[in-house]
Amino acid sequence: MEDKAKIQEAIKVQGEVVRKLKSEKANKEQIDEEVAKLLELKARLGGDDGKHQFVLKTAKGTRDYNPKQMAIREKVFNTIINCFKRHGAETIDTPVFELKETLTGKYGEDSKLIYDLKDQGGELLSLRYDLTVPFARYLAMNKITNIKRYHIAKVYRRDNPAMTRGRYREFYQCDFDIAGQYDAMIPDAECLRIVHEILSELDLGDFRIKVNDRRILDGMFAVCGVPDDKFRTICSTVDKLDKMPWEDVKKEMVNEKGLSEEAAEQIGEYVSMQGGKTLAERLLQDHKISQSKQACAGLSDIKLLFSYLELFHITDKVVFDLSLARGLDYYTGVIYEALLTQAGVAQISTEAQNGATSEENVSVGSVAGGGRYDGLVGMFDPKGRKVPCVGVSIGIERIFSIMEQKAEAEVMYKKNPKLLSQLQHCEESGIPLVAILGEQELKDGVVKLRVVATREEADIARDHLIGEIRRRTSEA
C-alpha cells in the first residue's frame, strides 16, 4: 500500500494547484482536469474505513447524455438520416476496431491520434479513427464497385478534447459517400447539396461551405518551389490556417518544416484568395499556376462544380477558397468544409466572387467536411483496382453542442424578479454573460453586459451587442 503521508502531501499540493487555477479564473477544461487528478489522489487514500474509493467521472474526452440531451440528439440524427435517405443512400455498419495495418498511413500527421489496443496475443488492432477508411476496406473486401451509402457510428481520436466546442475523444460521425464511376463533379455537387440541406434544415444560423481541390494545392506547391517530399507536411500546415494567423503558419513552414522563405511567401499569395467560378477561370490564366497540368485539371473541375451548384441554387453559401487544405492523406481531388459563421454569409460579395481577399465573416467552427478519394479502395484491393469515391462527414457533436446551448434559454417565472436573484441563478447555472437593460440604458441607447464570473460590466452600443456576445462566448 502506498505511503499514506505521501498521498496526503500530494493531495495538499494538488489542492493548491486547483485553488490557484480557480483564483486566476483559468480555462474550465484545465480546472476540470486538475480537479480530476485531485479526486484520483483522494480515491487512492481511501475513505475512513480504509477501503478504496471510486472516482465517479467519465473518461477524459467523453461524456454521458441525459434524456433531455438524447431527445435533441435524436432530432438531429433523424434530420440527417432523412436527408441521406432522400438522396437514395442505404446504410452499412463495420466493427469499432480494425486491423492496425488497415488504418496505418492513411491519415498523414493525424496518424498519431489513432488509439492502438493492447496486444491480447492475437491480431494488432486499433480503434477506428473515421468511417471512411473502414468503408474503403469494406468495398475492396466485398468487391463492390458501385454504392451510395450512409454510416452513423462512433469513432475515436487520442486528441486534446475541447468539450465546450464539441471536440471529444469518442464521438459520432454521420457519413454519406458515393462510390462508382460517374460523370465528373455530379456526385461531388450532390454531397455539397446534402450539406446545404442539412444545415439549412437544422437552422443553426448562417454558414459557408469552403471548396478547394487537392490537385490545385499540389500544383500550387510545385510551382511555388515546394519539394515533392514536403507536399503532405506543408499541406498539413496550410490546413491550420483556420486556427492560426498566416504569420504563424509561415513560421511553421520555414522554421519547423524547412521550407524556403521565398516558397512560403508565394504560397501566402495564393492561399489568401477566395471566390467562385470567376476565380477558377482567372487562375487558369495565371502564368504560374497554369504551368501545372495537375492544378489546371483541378481548376477545370472546380469551374464545372460551380456550374452544377448554380443549378442547385446554393452558390450563395459556397466559396472557392485556396487556403482550404484538409490534411488527410487519402484525398485526391475536390475537398470541402462547412463552417458556421458569426456575421453570416447570406451573400458572398461581388468582390469575393472575383477573388478579393477580404474576410468579413469570422468562422466559429467546422460542422462538416469531406472530399474525393479515388485511390483509397485501390490500396486495399489485391489487384489495385480503383473505385472512385466522394463523400462527406457531418460533425454531429459540434452541431449537438450548438443545439444544446440553444435549448438552455430560460425565463424566470416571476412578475418582478430581483436583479440579485437573477444574477445568483446565472452563477449557479454557469451562464457566462448577463445583458442588463434598465431605464438609464434605454436612455443612453446601450446595454450593460456583465461577466458573471468576474462581475465586470461594460456598456455596449445596441447594434454591437450581438457581435460582442459572440466574441466573448467564442473566447470562453
- prompt: Tell me, do Leu324 and Val211 make a side-chain contact under 4.5 Å, heavy atoms counted?
  reply: no
task: Examine the side chains of Asn212 and Tyr331 and answer whether a donor and an acceptor come within less than 3.5 Å of each other.
output: no
query: Should Ile234 and Met253 count as side-chain neighbours, where that means a heavy-atom distance under 4.5 Å?
result: yes
task: Would you name the heavy atoms of Ala26 and Ile31 that are closest together and state the gap between them?
output: O-CD1, 3.5 Å
statement: Between the NZ atom in Lys250 and the CD atom in Glu252, the distance rounded to the nearest 0.5 Å is 14.0 Å
query: Is Arg450 close to Ile436 at the side-chain level, that is, under 4.5 Å between some pair of heavy atoms?
result: yes
task: Output yes when a side-chain donor or acceptor of Asp130 lies under 3.5 Å from a complementary backbone atom of Thr132, and no otherwise.
output: yes
NZ/NE/NH1/NH2 to OD/OE distance under 4.0 Å, Glu34 and Lys37: yes
- request: Measure from the side-chain N and O atoms of Thr91 to the backbone N and O of Tyr150, and report whether any donor-acceptor pair falls under 3.5 Å.
  value: yes
task: To the nearest 0.5 angstrom, please state how far the CZ atom of Arg19 sits from the CG atom of Leu21.
output: 11.5 Å
query: Are Asp218 and Arg232 ion-paired here, with the side-chain N under 4.0 Å from a carboxylate O?
result: yes
- request: Start with the C-alpha distance between Glu123 and Lys100, add both sets of side-chain angles, then the distance that settles salt bridge (Lys or Arg N to Asp or Glu O under 4.0 Å), and finish with yes or no.
  value: CA-CA 8 Å; Glu123 300 166 322; Lys100 183 177 178 178; over 6 Å; no
- prompt: Using 30° and 60° as the class limits, which term best fits the ring planes of Tyr172 and Phe77: parallel, tilted or perpendicular?
  reply: perpendicular
task: Assess Lys317 against Phe207: is NZ or CZ under 6.0 Å from the centre of the six-membered ring, and within 45 degrees of the ring's axis?
output: yes
query: Using 4.0 Å as the upper bound for N to carboxylate O, is an ion pair formed by Asp329 and Lys106?
result: no
Straight-line distance of Leu259 CG to Cys224 SG, nearest 0.5 Å: 9.0 Å
message: Apply salt bridge (Lys or Arg N to Asp or Glu O under 4.0 Å) to residues Glu9 and Lys6 and explain how you reach the verdict.
response: CA-CA 5 Å; Glu9 182 59 31; Lys6 282 185 181 177; over 6 Å; no
query: Hey, mind stepping through Thr94 and Arg137 against side chain to side chain contact (heavy atoms under 4.5 Å, CB included) and telling me if it holds?
result: CA-CA 10 Å; Thr94 62; Arg137 189 265 308 153; 4.0 Å; yes
message: With side chain to side chain contact (heavy atoms under 4.5 Å, CB included) as the criterion, how do Cys174 and Phe84 come out once you've worked through the C-alpha distance, each side chain's angles and the decisive distance to 0.1 Å?
response: CA-CA 10 Å; Cys174 304; Phe84 289 165; 4.2 Å; yes
- prompt: Has Lys57 got more than 12 heavy atoms of other residues, nucleotides or ligands less than 6.0 Å from its NZ?
  reply: yes
task: Go through the steps to decide whether Glu16 and Lys12 satisfy the test salt bridge (Lys or Arg N to Asp or Glu O under 4.0 Å), and finish with yes or no.
output: CA-CA 6 Å; Glu16 287 299 324; Lys12 186 179 175 184; over 6 Å; no
message: With a sphere of 6.0 Å drawn around CZ of Arg455, does it hold more than 12 non-hydrogen atoms of other residues, nucleotides or ligands?
response: no
Neighbour count above 12 (heavy atom, 6.0 Å) for Gln8 CD: yes
Minimal non-hydrogen separation, Gly258 against Lys230, with atom names: O-CE, 4.1 Å
field: Spacing of CD1 belonging to Ile399 relative to CD1 belonging to Ile394, to within rounding of 0.5 Å
entry: 6.0 Å
message: Would Arg149 and Phe135 count as a side chain to side chain contact (heavy atoms under 4.5 Å, CB included) here? Give the steps.
response: CA-CA 9 Å; Arg149 84 88 171 87; Phe135 174 56; 3.3 Å; yes
message: Quick check on Glu24: does its CD atom have over 12 non-hydrogen neighbours (other residues, nucleotides or ligands) under 6.0 Å away?
response: yes
message: If you count every heavy atom of other residues, nucleotides or ligands that lies below 6.0 Å from Lys443 atom NZ, does the total exceed 12?
response: no
task: Kindly say whether Arg326 contributes a backbone atom to a donor-acceptor pair with the side chain of Asp239 at under 3.5 angstrom?
output: yes
task: Kindly indicate whether the side chain of Ile335, heavy atoms from C-beta on, has any atom under 4.5 Å from the side chain of Leu217.
output: yes
- request: State, to 0.1 Å, how close Ser323 and Asp321 come at their nearest heavy-atom pair, and which atoms those are.
  value: OG-OD1, 2.6 Å
message: Could you measure the distance from the CG atom of Leu309 to the CG atom of Leu192? Nearest 0.5 Å is fine.
response: 5.5 Å
task: Report yes if some heavy atom in the side chain of Leu202 is under 4.5 Å from a heavy atom in the side chain of Ile402; otherwise report no.
output: no
task: Write down the atom of Ala325, the atom of Cys235, and the distance for their closest heavy-atom approach.
output: CB-O, 3.4 Å
task: Could you pull out the closest heavy-atom pair between Tyr168 and Ser401, with the gap in Å?
output: OH-OG, 4.0 Å
field: Close side-chain approach of Gln69 to Arg63, heavy-atom, < 4.5 Å
entry: yes
message: For the CZ atom of Arg208 and the CG atom of Leu340, what is their distance to the nearest 0.5 Å?
response: 12.0 Å
- prompt: Do Glu441 and Val447 pass the side chain to side chain contact (heavy atoms under 4.5 Å, CB included) test, and can you show the C-alpha distance, the side-chain angles, and the key distance before you say yes or no?
  reply: CA-CA 6 Å; Glu441 285 79 18; Val447 174; 5.9 Å; no
task: Of all the heavy-atom pairs spanning His196 and Ser200, show the shortest one and how long it is.
output: O-OG, 2.7 Å
- prompt: Is Arg158 reaching over with its side chain to a backbone N or O of Lys112, donor-acceptor style, under 3.5 angstrom?
  reply: yes
message: When you compare the side chain of Arg470 with that of Thr341, does any pair of heavy atoms fall below 4.5 Å?
response: no
message: Between Arg73 and Glu397, does the salt bridge (Lys or Arg N to Asp or Glu O under 4.0 Å) criterion hold? Intermediate values first, please.
response: CA-CA 9 Å; Arg73 284 178 83 80; Glu397 304 299 346; 3.1 Å; yes
Between Phe400 and Tyr65, ring centroids under 6.0 Å: yes
query: Can you find a pair of side-chain heavy atoms, one from Cys389 and one from Asp177, that are under 4.5 Å apart?
result: no
message: Show every ring-ring contact (aromatic ring centres under 6.0 Å, His included) that has at least one partner inside residues 92-111, sequence neighbours left out.
response: Tyr107-Tyr129
